Amino acid sequence: MRDTCHACRRPLSHCWCGLLPSIETRTRVVLLQHPRERDVAIGTARMASLCLPNSELHVGVDWGDVPALDRALSDPARPAALLYPGDDAADLFTAPPPGPITLVVVDGTWTLTRKVVRTNPRLAALPRYAFNPPSPSDYRIRREPRAACVSTIEALSYALGALEGDPERFAAMLVPFRAMIDAQIAAESSQHRGRERRPRGPRPERPTPTSPLRGRSI
């Protein structure tokens with residue numbers, strides 16, 4: 001067993017906590033993580049929550065009667081909105097909400113998040129916001145279904161930059177994200193080189209064929 005950081009839950013040799021910024025926001029962020037993403041080593045929801053003191057991270061699928069979500073969705077000073085694409089989603093870059101909001105973000109693969117939103121009427125009924133990312137995702141170790149898709153922490157960096165009018169401040173969230181990606185790629189490359197360099201033993205001699213057809217053409 002390797003020693004693990006209690007905050008990021010990564011092995012101490014791959015801990016990225018020293019790179020985390022702490023960014024105060026007037027936006028309240030509520031991250032709803034699918035259970036399958038909780039133990040994914042290259043997931044970014046936990047990383048995003050550790051960057052944002054005014055955020056909550058909850059794990060689950062059924063959000064029908066959860067007190068934590070009840071509190072998040074019932075703040076009249078910061079009405080809730082869902083960061084998720086849809087035909088009725090407003091463009092967050094060109095038409096942001098006029099005041100502070102509670103931004104609800106579902107974390108998981110697109111297949112999982114679609115299921116969560118579809119099976120939770122409370123989430124599906126929230127006003128939606130979406131955006132087109134200004135650049136392709138840096139998530140180079142996980143294939144996205146479309147070029148416009150980004151990781152959870154990238155989506156939050158862009159969304160909060162638009163909501164609070166200061167994209168540069170939230171770009172700091174991507175520093176630990178990129179460091180994690182680089183470290184993962186380096187580790188995978190090192191393992192690959194190790195396999196290539198492993199010496200092979202001599203090939204065993206093949207047994208002499210005993211078939212009467214040996215050496216004949218048919």
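Nothing here was measured: the structure is a model prediction, and the numbers come from that model.
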Among Ile101, Thr102, Leu156, find the one that has a side-chain contact (heavy atoms from CB on, under 4.5 Å) with Thr27.
-> Ile101
Leu92 and its side-chain contact (heavy atoms from CB on, under 4.5 Å) partner, picked from Leu83, Leu160, Asn132 | Leu83
What I'd like to find out is whether the side chain of [X] reaches to under 4.5 Å of the side chain of [Y], using heavy atoms alone.
X: Phe177; Y: Ser157; value: no
X: Glu154; Y: Leu174; value: yes
X: Arg128; Y: Val117; value: yes
X: Leu82; Y: Val106; value: yes
X: Asp62; Y: Asn120; value: yes

Atom CG of Asp88 with >12 non-hydrogen neighbours under 6.0 angstrom | yes
Any side-chain donor near an acceptor of the partner, Thr152 and Asp107, under 3.5 Å | yes
Please check if [X] and [Y] belong to a single hydrophobic cluster, counting links between Ile, Leu, Val, Met, Phe, Trp and Tyr side chain heavy atoms closer than 4.5 Å.
X: Leu52; Y: Val175; value: no
X: Val105; Y: Leu112; value: no
X: Val59; Y: Val104; value: no
X: Ile42; Y: Leu12; value: no

From CA spacing to verdict: side chain to side chain contact (heavy atoms under 4.5 Å, CB included), Asp65, Asp70 | CA-CA 7 Å; Asp65 187 19; Asp70 289 340; 4.0 Å; yes
Give, for atom [atom1] of [X] and atom [atom2] of [Y], the distance between the pair rounded to the nearest 0.5 Å.
X: Leu19; Y: Leu50; atom1: CG; atom2: CG; answer: 12.5 Å
X: Phe170; Y: Cys51; atom1: CZ; atom2: SG; answer: 10.5 Å
X: Met180; Y: Cys8; atom1: CE; atom2: SG; answer: 10.0 Å
X: Glu37; Y: Thr44; atom1: CD; atom2: OG1; answer: 8.5 Å

Report the C-alpha distance between Leu69 and His58 in whole Å, list the side-chain angles of each, state the deciding distance to 0.1 Å, and finish with yes or no for side chain to side chain contact (heavy atoms under 4.5 Å, CB included).
-> CA-CA 9 Å; Leu69 190 60; His58 304 285; over 6 Å; no
Side chain [X], main chain [Y], donor-acceptor under 3.5 Å:
X: Arg78; Y: Arg26; answer: yes
X: Ser55; Y: Val29; answer: no
X: Arg46; Y: Arg38; answer: no

Mind telling me whether Trp110 and Tyr84 have parallel, tilted or perpendicular rings, with 30° and 60° as the class edges?
-> tilted
Where do Leu20 and Pro176 come nearest, in terms of heavy atoms and distance?
-> CD2-CG, 3.9 Å
